[in-house]
Amino acid sequence: MQLKDFLEQNGQSHLAEHLGEGDLAARLREIDWETVSLWKTGESPKARGHIEPIDGLRLAEIDARRAEYEAIGNAVIRRGGVAAVLLAGGQGTRLGSDAPKGAFDIGITRPLYIFEQQIRNLLEVCSGAGAYVPLLIMTSEKNDAETRAFFAEHAYFGYPESYVRFFRQEMAPAVDLDGKLLLEAPGTLALSPNGNGGWYSSLVRAGLDREFPAVEWFNVFAVDNVLQRIADPVFIGATVASKKLCGAKVVTKAAPEEKVGVLCLEDGLPAVVEYYELSPEMANARDEKGDLLYLYGVILNYLFRADRLREIASERIPVHVVKKKIPYLDGQGTLIRPDRENGYKFETLILDMVKLAGSCLPFEVRREREFAPVKNRTGVDSVETARELLQKNGVIL
Ligand code: UTP
């Protein structure tokens, strides 16, 4: 069928007159129309199954068995069994900078880039284990060249370049509130990174699973936690010993109403439930010791077993439809930056992979030692709070 007719049938005839511009026609051929059609259901949250608390490994037990877990983890690292996957494809819109988030300078009296701090954390592990860990960095079309150049310019912050690989995640289109694909420039669709749930398929597409066949565990983590412990041998050892197919670093919730996704069981499978999906009764429920029943907040640091990822690779991960402010070209060709939500983006989320994995060990970490997210410029989870936490951990800024 002619692309023009196809557009008409899919309610996209507004694009027909632009087909000769830029790479529009080629981009349109790559579009996953099944995903785009999800705009019809809008942002409405999906019904959840039966939610119950999940058992996790608490600090006291981890501390008691630390040496045992660490030895197991270090042995896996030494045989090349762990790869670290740095999710750096996000746009960091809340931080309000167009540069890659990891290139953000969090220093005060001297530069300290987020990437630099993360590499330092990883180097500590490598020196303890006596081996380097492959570091696979996911970027997006928007920041790939800049991220690579940044690492090269800073000599990979002392990490051996031969252990570093970059791979790009895919992009997804955006539509207005009536499902019409938006343009951001003449002949250019408004595209944005398709969420962090596509990391494994993008990694496979880049051939990195075949390049590192010895990898038994992928440790996947967010760029924006500057206290992130990457390839933590204790976490690896505990997850291996638990025989679970996935592990999640968690912090205990500071208060019932804290806005953090909570790891629990949904219809018997591990799942992350958003804070707004928990009823006030559930959020406040406590066990006989007085601990919250839904206690474990996820911090986006997961271990996934490689063989399980291969098994679930063909399963479809849910697509989330999210309302956002999306800059677009109006009918006159003027770029409009809307001040309220004007359309939908389509994203998959890594937290949905926990359920697909089938079993998961919640592994408690000390919040003040391992969780300093940089999401906003000021206020909660901001540059300011992260600086404070870094200093508390002895990092000179
Ligand atoms: P966030 O959900 O905080 O999104 O990402 P973000 O894009 O960085 O920031 P905002 O919401 O626009 O302010 C959590 C982690 O997932 C990665 C981010 O880079 C971060 O490490 N991520 C997010 C991707 O790698 N790709 C994406 O498409 C989205």
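Read the numbers this way: they start at 1 and go in the same order the structure lists the ligands and their atoms.
Asn196 ND2, 3.1 Å is the protein heavy atom nearest to atom 16 (O) of ligand 1. In this structure, the protein non-hydrogen atom closest to atom 7 (O) of ligand 1 is Gln91 N, 2.8 Å. Considering only non-hydrogen protein atoms, atom 6 (P) of ligand 1 sits nearest to Gly92 N, 3.6 Å. Nearest protein heavy-atom contact of atom 4 (O) of ligand 1 is Arg94 NH2, 4.2 Å. For atom 28 (O) of ligand 1, the closest heavy atom belonging to the protein is Gly195 N, 2.9 Å. For atom 24 (C) of ligand 1, the closest heavy atom belonging to the protein is Gly90 N, 3.2 Å. For atom 20 (C) of ligand 1, the closest heavy atom belonging to the protein is Leu87 O, 3.8 Å. Taking atom 12 (O) of ligand 1 as the reference point, the nearest protein heavy-atom neighbour is Thr93 OG1, 2.5 Å.
Set against the non-hydrogen atoms of Ala222, the atoms of ligand 1 under 4.0 Å away are 15 (C), 21 (O). Listed by atom number, the atoms of ligand 1 under 4.0 Å from Val223 heavy atoms are 19 (O), 21 (O). Atoms of ligand 1 found under 4.0 Å from any heavy atom of Met138 (numbered from 1 in listed order, with element): 25 (O). Interface of Lys101 with ligand 1, defined as ligand atoms under 4.0 Å from a residue heavy atom, comprises 8 (O), 9 (O). Heavy-atom contacts of Pro193 reach the following atoms of ligand 1: 28 (O) (cutoff under 4.0 Å). Shown in contact with Lys375 at under 4.0 Å from a heavy atom are these atoms of ligand 1, numbered in order with element: 1 (P), 3 (O), 14 (C). For ligand 1 and Gly89, the ligand atoms under 4.0 Å from any heavy atom of the residue are 19 (O), 24 (C), 25 (O), 26 (N). Remark: ligand 1 atoms within the under-4.0 Å shell around heavy atoms of Gln169 are 24 (C), 25 (O), 26 (N), 27 (C), 28 (O).
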Apply the test ring-ring contact (aromatic ring centres under 6.0 Å, His included) to residues Phe218 and Phe304: give CA-CA distance (whole Å), side-chain angles for both, the deciding distance (0.1 Å), then the verdict.
CA-CA 5 Å; Phe218 287 98; Phe304 288 99; 8.9 Å; no

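Donor-acceptor pairing under 3.5 Å is lacking for the side chains of Ser192 and Gln91. Asn376 and Ser382 are not linked by any side-chain donor-acceptor pair at a separation below 3.5 angstrom, with hydrogens and angles left out of the test.
In terms of polar-atom proximity, Phe221 is not counted as a contact of ligand 1, lacking any N or O under 3.5 Å from an N or O of the ligand. Between Leu300 and ligand 1, not a single N/O pair is under 3.5 Å apart.
Panel note: side chain Asp176, backbone Gly179; a donor-acceptor pair is recorded below 3.5 Å. Judged purely by atom type and a 3.5 angstrom limit, Asp32 uses its side chain to pair as donor or acceptor with the backbone of Thr35.
Salt bridge status for Asp267 with Lys355: absent, with no side-chain N to carboxylate O gap under 4.0 Å.
Exactly one of Phe104, Tyr156, Tyr113 qualifies for a ring pair (Phe, Tyr, Trp, His ring centres under 6.0 Å) with Phe150. That residue is Tyr113.
Listed by chain and residue number, Arg229 satisfy the salt bridge (charged side-chain N to carboxylate O under 4.0 Å, His left out) test with Glu124 (two or more places apart in sequence, or in another chain).
For residues 367-376, the salt bridge (Lys or Arg N to Asp or Glu O under 4.0 Å) pairs, not counting sequence neighbours, are Asp224-Lys375, Lys249-Glu370, Glu258-Arg367.
The aromatic ring centroids of Trp33 and Phe6 lie less than 6.0 Å from each other.
Heavy atoms from other residues, nucleotides or ligands lying under 6.0 Å from CG of Asp98 number 12 at most.
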